Amino acid sequence: MPSHTIAVASDHGGFELKSQLAADLAAGGWKVLDLGTDGPDSVDYPDFAHKVAQALKSGAASRALLVCGTGIGISIAANRYAHVRAALVHDAFGAAMCRRHNDANVLVLGGRTTGIEVARDCLRLFLDTPFEGGRHARRVAQLSEHGER
Ligand code: RB5
């Protein structure tokens with residue numbers, strides 16, 4: 001039984017996929033913090049990346065799912081926050097590797113690029129795959145040390 005809360009959010013381009021996956025998570029016993037959007041009307045993806053970044057920072061959620069049309073804009077937006085490691089993923093291999101090597105805390109999918117069954121596989125692997133640590137921990141630490149903020 002999952003014990004953590006997962007935050008989910010999307011823009012209009014990701015609304016349908018986000019809603020389907022949120023329902024799956026709730027059915028699987030996850031506590032789901034749905035931060036919107038709540039319908040198909042046009043909204044701005046940076047607002048929803050911001051809401052998820054805040055939820056992770058406050059501890060309201062320990063993992064998150066973000067969806068926009070391609071996943072590109074919302075992943076760029078999410079990765080502007082130093083505590084966020086958001087991985088835009090298109091297949092099961094990427095979903096496992098973003099956990100094993102990158103300790104990703106946000107899975108990003110494209111609502112217009114990824115079908116529901118592939119998305120379900122990606123989400124399951126994102127949630128179930130542990131971080132390998134070791135040399136990858138050094139590299140993940142460098143993500144916080146390098147760059148300009
Ligand atoms: C919205 O039309 C679309 O631009 C957005 O969902 C996303 O794909 C941006 O990267």
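Counting convention: from 1, in listed order, for ligands and their atoms alike. No experiment lies behind these values; they were computed from the predicted model shown.
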Do any N/O atoms on Gly73 end up under 3.5 angstrom from N/O atoms on ligand 1?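 Yes, at least one N or O pair falls under 3.5 Å.
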Can you find an N or O of Gly69 that's nearer than 3.5 Å to an N or O of ligand 1?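 Gly69 vs ligand 1: N/O contact under 3.5 Å present.
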Exactly one of Gln54, Lys57, His50 should register a side chain to side chain donor-acceptor pair (under 3.5 Å) with Tyr81. Which one does?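 Only one option passes, and that is His50.
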For Arg112, atoms of ligand 1 separated by under 4.0 Å from a heavy atom: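 Counting from 1, the qualifying ligand atoms are 1 (C), 2 (O), 3 (C).
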Only heavy atoms of Tyr45, strictly under 4.0 Å: list the atoms of ligand 1 that pass.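 The atoms of ligand 1 under 4.0 Å from a heavy atom of Tyr45 are 9 (C).
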Determine whether Asp11 and Asp44 make a side-chain contact, defined as any pair of heavy atoms from C-beta on separated by less than 4.5 Å.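 SC-SC contact between Asp11 and Asp44 ruled out.
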Close side-chain approach of Leu56 and Asn105, heavy atoms under 4.5 Å: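 When only atoms from C-beta onward are counted, Asn105 and Leu56 do touch, with a gap below 4.5 Å.
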Considering only protein heavy atoms, which is closest to [atom], and at what distance to one decimal place?
atom	answer
atom 1 (C) of ligand 1	His12 NE2, 3.5 Å
atom 7 (C) of ligand 1	Cys68 SG, 3.3 Å
atom 8 (O) of ligand 1	Thr70 N, 3.0 Å

Are Leu125 and Val108 connected in the hydrophobic side-chain network, where two residues link if heavy atoms are under 4.5 Å apart?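 The answer is no; the residues belong to distinct hydrophobic clusters.
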same_hphob_cluster(Leu25, Val118) at 4.5 Å side-chain heavy-atom cutoff: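 No; Val118 is not reachable from Leu25 via cluster members.
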Do you know the tightest heavy-atom contact between Ser62 and His4?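 Scanning both residues, the minimum pair turns out to be OG-CB, 3.1 Å.
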Using modelled atom types only, decide if a donor and an acceptor are shared between the side chain of Asp24 and the backbone of Ala27 within a distance under 3.5 Å.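 Flag not set: sc Asp24 to bb Ala27 has no pair under 3.5 Å.
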Kindly state if atom 4 (O) of ligand 1 has a protein heavy atom within a strict 4.0 Å cut-off, that is, under 4.0 Å?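 When distances to the protein are checked, atom 4 (O) of ligand 1 has no heavy atom within 4.0 Å.
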Heavy-atom pairs closer than 4.0 Å: do any link ligand 1 to the side chain of Asp11, the backbone, both, or neither?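 The side chain, only.
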